[in-house]
A.B. asks: 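Dropping a structure here in structure tokens format, bear with me for questions.
Order of listing sets the numbers, starting from 1, for every ligand and every atom in it. What you see below is based on every heavy atom in this structure, not just the backbone, and it leaves out hydrogens, waters and symmetry mates. Predicted model, so just to flag it, every value in this text is computed and none were measured.
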Amino acid sequence: MDTGRKDSVLIIEDEKKISDIVRAYLEKEGFRVRNAENGADALTFFQEGPDIIILDLMLPDMGGEELCRIIRESSNVPIIMLTAKSGEEDRIKGLGIGADDYMVKPFSPRELVARVKAHLRRAGKTKRKILSYNRGSLQMDLERHEVVKAGSPLQLTLTEFKILTALAENHGRILSRNQIVNIVQGYDFEGYDRTIDAHVKNLRHKIEKDSKSPEFIQTVYGVGYKFIGTPDAE
Ligand code: CA
């Protein structure tokens, strides 16, 4: 699915001067570029499944380390950290929280682009994990956070994506609402058991032909939910 597309880069940086330069260099090399100027926008754009992230350590609403930690809870996307601090302690800290690389400002945009390419080459060698059900009618790319229904990409919220993939990965097993809450927590999930029902309802509207006789997510009354799609052969 979606093979011929350009690689996408998410730049999380509040200094417009820097992000504009980096964007210009990357676009010249054929990348699709998104720029988030704060952590909240970054988490929204992250749902689009960027191929690589460039993350500034100092953001207006959130530390880059915190953001990195949140992203790492659900993704192995390569992260290159930008830092104004050149102290060794900060570098080690940056890598300890899951960043793959770092660059100290001021840096050469050309070198950053070279590192972006190197990380993408490396990431491309690790096999993408795609779950496919009902003869390809529903596919989930766990790495890129993409879900495709009958050939068309769906717009799922991060919570919906987490619920769907949690159910799919526990294929045939019933997950209680409580278990689902635990799985999706860590994404600013202001939720209790009941809100899971609301998310599942929205999810069904997006993935089921007929929500009343679902092909994928079955309600097990009084217990929870079960994924019932038929996995395709690898
Ligand atoms: Ca900054």
A.B. asks: By residue and atom, what protein N/O/S atoms are less than 3.0 Å from the Ca ion (ligand 1)?
C.D. replies: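 Under 3.0 Å from the Ca ion (ligand 1) - ignoring waters, which are not counted - the protein N, O or S atoms are Asp14 OD1, Asp56 OD2, Met58 O.
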
A.B. asks: Identify, with sequence neighbours excluded, every residue that meets side-chain hydrogen bond (donor to acceptor under 3.5 Å, both in side chains) alongside Glu111.
C.D. replies: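 Once residues adjacent in sequence are excluded, the partners of Glu111 under the side-chain hydrogen bond (donor to acceptor under 3.5 Å, both in side chains) criterion are Arg115.
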
A.B. asks: For Phe46 and His145, take the angle between the two ring planes, folded into 0 to 90°, and tell me which bin it lands in: parallel under 30, tilted 30 to 60, perpendicular over 60.
C.D. replies: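 Tilted: the ring planes of Phe46 and His145 meet at 30° to 60°.
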
A.B. asks: Could you walk me through whether Glu65 and Leu57 pass the side chain to side chain contact (heavy atoms under 4.5 Å, CB included) test, one step at a time?
C.D. replies: CA-CA 7 Å; Glu65 300 102 320; Leu57 193 62; 3.5 Å; yes

A.B. asks: Answer yes if the side chains of Asp197 and Tyr225 hold a donor-acceptor pair under 3.5 Å, and no otherwise.
C.D. replies: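 Per modelled atom types, Asp197 and Tyr225 side chains form a pair under 3.5 Å.
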
A.B. asks: Output yes when Glu13 and Lys105 qualify as a salt bridge under the 4.0 Å nitrogen-oxygen rule, no when they do not.
C.D. replies: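 Here Glu13 pairs with Lys105 in a salt bridge, since their nearest N and O are under 4.0 Å apart.
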
A.B. asks: Taking only Lys NZ, Arg NE, NH1 and NH2, and the carboxylate oxygens of Asp or Glu, determine whether Asp100 and Arg72 approach each other closer than 4.0 Å.
C.D. replies: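 A salt bridge links Asp100 with Arg72.
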
